[in-house]
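Order of listing sets the numbers, starting from 1, for every ligand and every atom in it.
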Amino acid sequence: MIVVMKSGASKKDRDEVTKRIKELGYRPHIIHGTTRDVIGAVGDERGKSVLQSIESMQGVESVVPILQPYKLASKEVKKESLVPITDTLAIGGKEIIVMAGPCSVESEAQIIESAKAVKEAGAQMLRGGAFKPRTSPYSFQGLEEEGLKLLAKAREVTGLPFVTEVINPETVDLVASYADMLQIGARNSQNFALLKKVGQIKKPILLKRGMSMTIQEFLMSAEYIMSEGNQSVILCERGIRTFETATRNTLDLSAIPVLKTKTHLPVVIDPSHGTGNYHYVAPMAFAAVAGGADGLMIEVHPDPERASSDGPQSLKPKHFKTLMEKLRLFADAADRTL
Ligand code: PEP
Ligand code: MN
């Protein structure tokens with residue numbers, strides 16, 4: 001259920017409502033809107049009709065059921081989609097946010113060169129994996145905390161905030177102590193213990209879609225994070241597994257308009273993992289912006305042939321620069337800025 005407060009409702013009215021929600025055995029989640037607040041009452045679906053009595057409380061406009069199984073992620077709860085990343089950067093507004101950098105952090109020189117190059121081309125965030133979830137246990141697993149330190153150094157040099165992946169609940173606090181945004185990768189997108197843990201921190205979470213996840217399941221994973229208290233979730237479509245083998249994955253760009261009708265959460269597209277081939281990255285990035293994406297995640301490596309992971313899909317800095325120049329035209333056509 002959501003409790004829609006009147007636009008002039010006071011803090012006291014709101015406090016009384018949250019108190020009552022708790023008394024009835026539900027968890028209140030306050031969502032501040034531009035004109036009014038709404039309070040989500042989350043809990044057992046059975047017996048939720050007891051919440052209807054809240055309608056007669058002071059400052060309450062209405063109590064309405066949310067029909068979808070995801071509640072806090074639902075568009076019914078909130079219309080605007082802005083999620084702050086740092087004090088000066090937010091995603092889900094008019095500006096398209098581009099996060100770019102190598103698949104894995106490999107060395108100080110590699111990450112600093114990457115950060116400088118993506119910054120110069122106009123990216124607003126750096127990406128780079130320190131903990132890598134690899135299909136093979138024999139593949140490079142990442143530099144771990146050393147990688148986080150190098151990302152922090154690259155941030156110091158360039159001023160770019162960074163996003164990096166966290167792969168288990170035990171390292172969430174460590175990763176959060178360095179990163180500006182934490183990524184949950186496709187392989188962990190239904191790791192519910194991990195989702196709950198990142199729901200308890202105060203950093204924004206970039207949640208990738210699992211390779212065989214429906215949109216409803218994707219939103220339920222977001223709901224896991226949000227129901228623990230962290231409302232700063234950004235969804236990332238990175239390709240799903242289909243019968244097609246010409247590309248690494250099938251980038252589901254139709255997920256953008258579908259998600260936009262169902263949720264207020266911002267949507268990022270990752271054309272690098274979505275295609276697996278650097279030749280296809282720019283066209284898919286343009287299509288994503290034309291289709292309404294709020295951001296892009298793009299792998300860029302100073303020397304893709306020697307990359308420890310995902311070299312074939314990584315752009316060289318000069319190709320990334322060209323992509324960004326052309327992307328501005330698409331952003332403009334979509335009435336967005338870059
Ligand atoms: C990555 O971003 O490098 C990554 C491993 O992504 P995904 O989880 O989408 O495969
Ligand atoms: Mn990668």
Could you find the nearest protein heavy atom to [atom] and give me its residue, atom name and distance?
atom	value
atom 8 (O) of ligand 1	Ala186 N, 2.7 Å
atom 6 (O) of ligand 1	Lys208 NZ, 3.0 Å
atom 5 (C) of ligand 1	Glu165 OE1, 3.7 Å
atom 9 (O) of ligand 1	Arg238 NE, 2.6 Å

Taking the side chain from Lys78 and the backbone from His264, do they hold a donor-acceptor pair closer than 3.5 Å?
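Side chain of Lys78 to backbone of His264, a donor-acceptor pair under 3.5 Å: no, none is there.
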[X] and [Y] ion-paired at < 4.0 Å:
X	Y	answer
Lys153	Glu156	no
Asp310	Arg248	yes
Asp15	Lys11	yes
Arg155	Asp180	yes
Glu61	Arg36	yes

With respect to [X], determine whether any N or O atom, backbone or side chain, lies less than 3.5 Å from an N or O atom of ligand 1.
X	result
Asp270	no
His273	yes
Gly185	no

Which option wins on minimum heavy-atom distance to atom 2 (O) of ligand 1: Arg127, Lys132, Met297?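 Heavy atom nearest to atom 2 (O) of ligand 1 belongs to Arg127.
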Run the numbers for me: atoms of ligand 1, each under 4.0 Å from some heavy atom of Cys103, listed by number.
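Checking each atom against Cys103, I get 3 (O).
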For ligand 1, which atoms, with element, lie under 4.0 Å from some heavy atom of Glu299?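 Close to Glu299: 3 (O).
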message = Which heavy atom of Arg127 sits nearest to which heavy atom of Cys103, and what is that distance?
response =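 Here Arg127 and Cys103 meet closest at NH2-O, 2.9 Å.
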**Taking every non-hydrogen atom, the tightest pair across Gly292 and Arg336** =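 Closest approach of Gly292 to Arg336, heavy atoms only: O-NH1, 3.9 Å.
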Discussion item. Keeping to distances under 2.8 Å, can you name the protein N/O/S atoms close to the Mn ion (ligand 2)?
Written reply: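 Only Cys103 SG, His273 NE2, Glu299 OE2, Asp310 OD2 fall inside 2.8 Å of the Mn ion (ligand 2).
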Next on the checklist: Rounded at 0.5 Å granularity, tell me how far NZ in Lys196 sits from OG in Ser227.
Outcome noted: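 Separation between the atoms: 8.0 Å.
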Worksheet item: If you measure from CD on Glu237 to CD1 on Ile269, what distance do you get to the nearest 0.5 Å?
Response: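 Those atoms lie 5.0 Å apart.
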- Any Gly129 heavy atom less than 4.0 Å from ligand 1: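 Contact check Gly129 vs ligand 1: negative.
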- Where do Ser104 and Ser309 land on the side-chain hydrogen bond (donor to acceptor under 3.5 Å, both in side chains) test, with the steps shown first? CA-CA 6 Å; Ser104 312; Ser309 58; 2.5 Å; yes
